[in-house]
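Notes follow the structure.
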Amino acid sequence: IVENQNVSDGSVGIELGFSTSCTIQNNIASNNKHGIYIHYSNNNTIANNTASNNQDGIRLDSSDKNRITNNTASNNQDGIYLHYSSNNNIAKNKASSNKWIGIYLHHSSNNTIANNFAWNSDNGISLSASNNNTISWNFAWGNNDNGISLSSSNSNTIIKNSATSSTENGIYLYYSSRNKITDNTASNNYYGIYLHYSSRNNIADNTASNNLDGIYLHHSSRNNIADNTASNNWEGFWLHYSSRNNITNNTASNNYYGIYLGSSSRNNITNNKASSNNGDGIHLGSSNSNTLTNNTASNNGDGISLYSS
């Protein structure tokens, strides 16, 4: 057990290497390169520590099945950073005011990230080349770029998170496929949920409100967008250069446009409700070979509008 230590101004505040079943708790690590550094170590507990003003607050390299709980990581470059580390549990931590990322997974898979608070960094929670992780019940707000972001990351589950008040995106997918984005709240961002060059994702039961665009697909194909609610945005749902998506059972209300397709083809728009939008309930611009079936468009400027389509 390493506990109740105050370590600062070194290369590494607290280091654990090639170790198992250890506990690091109730320590303060500040102004180091790595505040707490775990490498090639498994089944350890890192709890109730404070890591601030380091390059990395808490870093895991090639370390599996560890528990990172109830720590505070603030004013670092990255708050909590997992590199080639799997099957870890990252829970109930506070990551704030870090320069780059609050909680960062790089080439790390099968981790659980739950009940954390990540705010006032460039990115709240970010995955890069990381697969099969579960991100749930986290609060990411007030970040400069993204609340939650996935880059080249596949088959992750993003469920029941709140991603709000980011300068760019609440939830952002870039070159990422087969992810489940379910039952999240994305509000007061530039884009609520943004898929960019991303395919075969399932976007379901989310609420996107008070963004510029609620749910935005750009150069993204073969996604399922179902049972979402988008309100008080400019566009509730916007597909741009995106094809072969299924847009089903969504509600778009009190936006300017409810559902807007621009230069997008071969999408299925089915069983949606577009109501009380100032412009068009459903608008297709320069979009061909789309199928619209059993949609309801009521109390809009125009119900369904086709322009060069």
- Query: Is there any side chain to side chain donor-acceptor pair (under 3.5 Å) pair reaching into residues 265-274, and which pairs are they, with sequence neighbours excluded?
  - Reply: Asn245-Asn267, Asn246-Asn268, Asn250-Asn272, Asn267-Asn290, Asn272-Asn295
- If a pair satisfies side chain to side chain donor-acceptor pair (under 3.5 Å) and one of its residues is in residues 5-14, list it, with sequence neighbours excluded. none
List, one per line, each side-chain donor-acceptor pair under 3.5 Å for residues 13-20, sequence neighbours excluded.
{"from": "Glu15", "atom 1": "OE2", "to": "His39", "atom 2": "NE2", "distance (Å)": "2.8"}
{"from": "Ser19", "atom 1": "OG", "to": "Gly17", "atom 2": "O", "distance (Å)": "2.8"}

- Under a single-linkage rule joining Ile, Leu, Val, Met, Phe, Trp and Tyr whose side-chain heavy atoms are separated by less than 4.5 Å, which residues share a cluster with Tyr190? Tyr172, Tyr174, Tyr175, Tyr191, Tyr194, Tyr197, Leu212, Tyr216, Trp234, Trp238, Tyr256, Tyr257, Tyr260
- Query: How would you list all residue pairs meeting side chain to side chain donor-acceptor pair (under 3.5 Å) that involve residues 25-34, not counting sequence neighbours?
  - Reply: Glu3-Gln25, Asn27-Asn49, Asn32-Asn54, His34-Asp56
- Considering residues at least two apart in sequence or located in another chain, which fulfil the salt bridge (Lys or Arg N to Asp or Glu O under 4.0 Å) criterion with Asp145? none
- Task: Would you mind listing every salt bridge (charged side-chain N to carboxylate O under 4.0 Å, His left out) that reaches into residues 167-193, with sequence neighbours excluded?
- Result: Lys160-Asp183
- Kindly give the cluster partners of Tyr81, where membership spreads through any ILVMFWY side chain lying under 4.5 Å from a current member. Trp100, Ile101, Tyr104
- Could you list the residues that satisfy side-chain contact (heavy atoms from CB on, under 4.5 Å) with Ala118, not counting sequence neighbours? Ile125
- Sequence neighbours left out, what passes side-chain contact (heavy atoms from CB on, under 4.5 Å) with Asn299? Give chain and number order. Ser276
Do any side-chain atoms of residues 302-309 form donor-acceptor pairs under 3.5 angstrom with protein atoms, and if so which ones, sequence neighbours left out?
{"from": "Ser309", "atom 1": "OG", "to": "Leu284", "atom 2": "O", "distance (Å)": "3.1"}
{"from": "Ser309", "atom 1": "OG", "to": "Ser286", "atom 2": "N", "distance (Å)": "3.2"}
{"from": "Ser309", "atom 1": "OG", "to": "Ser287", "atom 2": "N", "distance (Å)": "3.0"}
{"from": "Ser309", "atom 1": "OG", "to": "Ser287", "atom 2": "O", "distance (Å)": "3.1"}
{"from": "Ser309", "atom 1": "OG", "to": "Tyr307", "atom 2": "O", "distance (Å)": "3.0"}

- If you link ILVMFWY side chains whenever their heavy atoms are less than 4.5 Å apart, which other residues fall into the same cluster as Val12? By chain and number, please. Tyr37
